[in-house]
Amino acid sequence: MFVEEVTKWYKINKRDLPWRDTKNAYIIWLSEIILQQTRVEQGLPYFHKFLERYKSVTEFADASEDEILKLWQGLGYYSRARNMHATAKIIKNEHNGVFPCNYETLLKLKGVGEYTAAAISSFSANEKHAVVDGNVYRLLSRYFGIETAIDSTIGKKEFKKLAYELLEQAEPFLYNQAVMEFGAIQCKPSSPNCANCPLRLNCYAYQHEMVDKLPVKDKRTKVKERFFNYLVVKDGTKVLLNKRIAKDIWQNMYDFPLIETAERLTESELIQSSHFEKFKKNTKLYIKSVSDEKKHVLSHQIIYARFWEIRMENTLLDEFNGVFWVNEDEIDQYAVPKIVDNYLKKF
DNA sequence: AAGCCGGGGCA
DNA sequence: TGCCCAGGCTT
């Protein structure tokens, strides 16, 4: 009943999405990685950009990481781009450039977990593996009235088992697409369209007025505050850039030399701090301007950033590892995080 | 098992 | 504000 209704609804209501009319595992992989934790509308332009730039997994493998990150800029979760590059190289070198369709093989690839392996194998080869993503958790928990937390180990097992049982009676390609689309369009997180839902008579949550209580999630990410002071150092038309090599947010992307403090400092406190003393040692330095504090919210941290525009001669580069000069008109070739991009727009 | 990893849209 | 998005990796 459930499977039939969802599939029937899908055939009538599905969106026309470009990765649905192909069996090409490379194209499906591209779309699936882009869509991890990302709405279709947000990922769509990136999908087109990447597919146009890299027609095959071999072309993807031959690109530089800098170029891939630049193309990925603005989409977030940049480890996806780095992992894709590593995976593309493995497929070029160890799979003769042929993208695998097999679930077990896919699972071994970097950046491909159970969800993505199920998606690629079912969409490209109709393999019988159930997709269990945020849409599926929501739809199943509501329809079947499951109150187990979806972010617990036991919950993940329970939902996976149910998803595989449902798939047993279904056509993998069609049904996997259908459940996710149903969750995304009909059984939305907030204000789902229950009034017009073909499942409402048998939906546990709807019948028990629990739609807004399901699915249950018990971990909430705690947010850490960080205070960034970016030193935008100029010498003529040249600017200092910094490659972020540390194991931190925005790894392998670029920003400016950074003084990070655990607490919010006033401008004068920062100027008097040891960090700043170290930076201006043996140099002539003029602070041209200091920006307002910019607030940048990530899922797990809040960054308060100030941009210090500084003119400087005789910079001590070794005080900041990974720092190098670039011409102003070359900055746009480097992948930068959103907060830096916003600043550069007014540069 | 818990923490980490972006950015945007919505109520 | 808080929550969620076609999740996965590291500790």
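Only this structure's heavy atoms are used, side chains among them; waters, hydrogens and symmetry mates stay out. Not measured: the values here are computed from a predicted model. Chain A is the first sequence line, chain B the second, and so forth, proteins listed ahead of strands; every chain is numbered from 1.
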Would you classify A:N176 as touching base, sugar-phosphate or nothing, given that sugar-phosphate means primed atoms plus P, OP1 and OP2, and contacts are heavy atoms under 4.0 Å? nothing

Would you check if the distance from the ring center of A:Y230 to the ring center of A:W308 is below 6.0 Å? no

To the nearest angstrom, how far is A:L214 atom CG from C:dC3 atom P? 15 Å

Take A:M253 and A:K219, find for each the nucleotide of DNA chain B with the closest heavy atom, and name the residue whose nucleotide sits nearer the 5' end. A:K219

With A:K156 as the cation and A:Y137 as the aromatic partner, state whether NZ or CZ is under 6.0 Å from the six-membered ring centre and within 45° of the axis. no

Using a 4.0 Å heavy-atom cut-off, write out nucleotides 4-11 of chain C from 5' to 3' as B (base contacted by protein), S (sugar-phosphate only) or - (no contact). BBBBSSSS

Among residues 332-343 of chain A, which ones have heavy-atom contacts with DNA chain C below 4.0 Å? none

Whole Å only: how far is the CD1 atom of A:I154 from the P atom of B:dA2? 14 Å

Are A:F60 and A:Y77 connected into the same hydrophobic cluster when the rule is that any two of I, L, V, M, F, W, Y join if their side-chain heavy atoms are below 4.5 Å apart? no

It should be established whether A:W72 places a side-chain nitrogen or oxygen under 4.0 Å from OP1 or OP2 of nucleotide B:dG7. no

Hey, does the side chain of A:H296 come within less than 4.0 Å of B:dG7's phosphate (OP1/OP2), counting only N and O? yes

Using whole Å, what does the distance between atom C1' of nucleotide B:dC4 and atom CZ of A:R82 come to? 12 Å

How would you list, by chain and number, every residue that makes a ring-ring contact (aromatic ring centres under 6.0 Å, His included) with A:F227, sequence neighbours excluded? A:Y304

Starting at atom CG of A:L75, determine the distance to atom P of B:dG9, rounded to an integer number of angstrom. 12 Å

What's the CD-C1' distance between A:Q73 and B:dG7, to the nearest Å? 12 Å

Work out how far the C1' atom of C:dC5 is from that of B:dG6, and round it to whole angstrom. 12 Å

Please state the P separation for the pair C:dG8 and B:dG8 - nearest whole angstrom. 22 Å

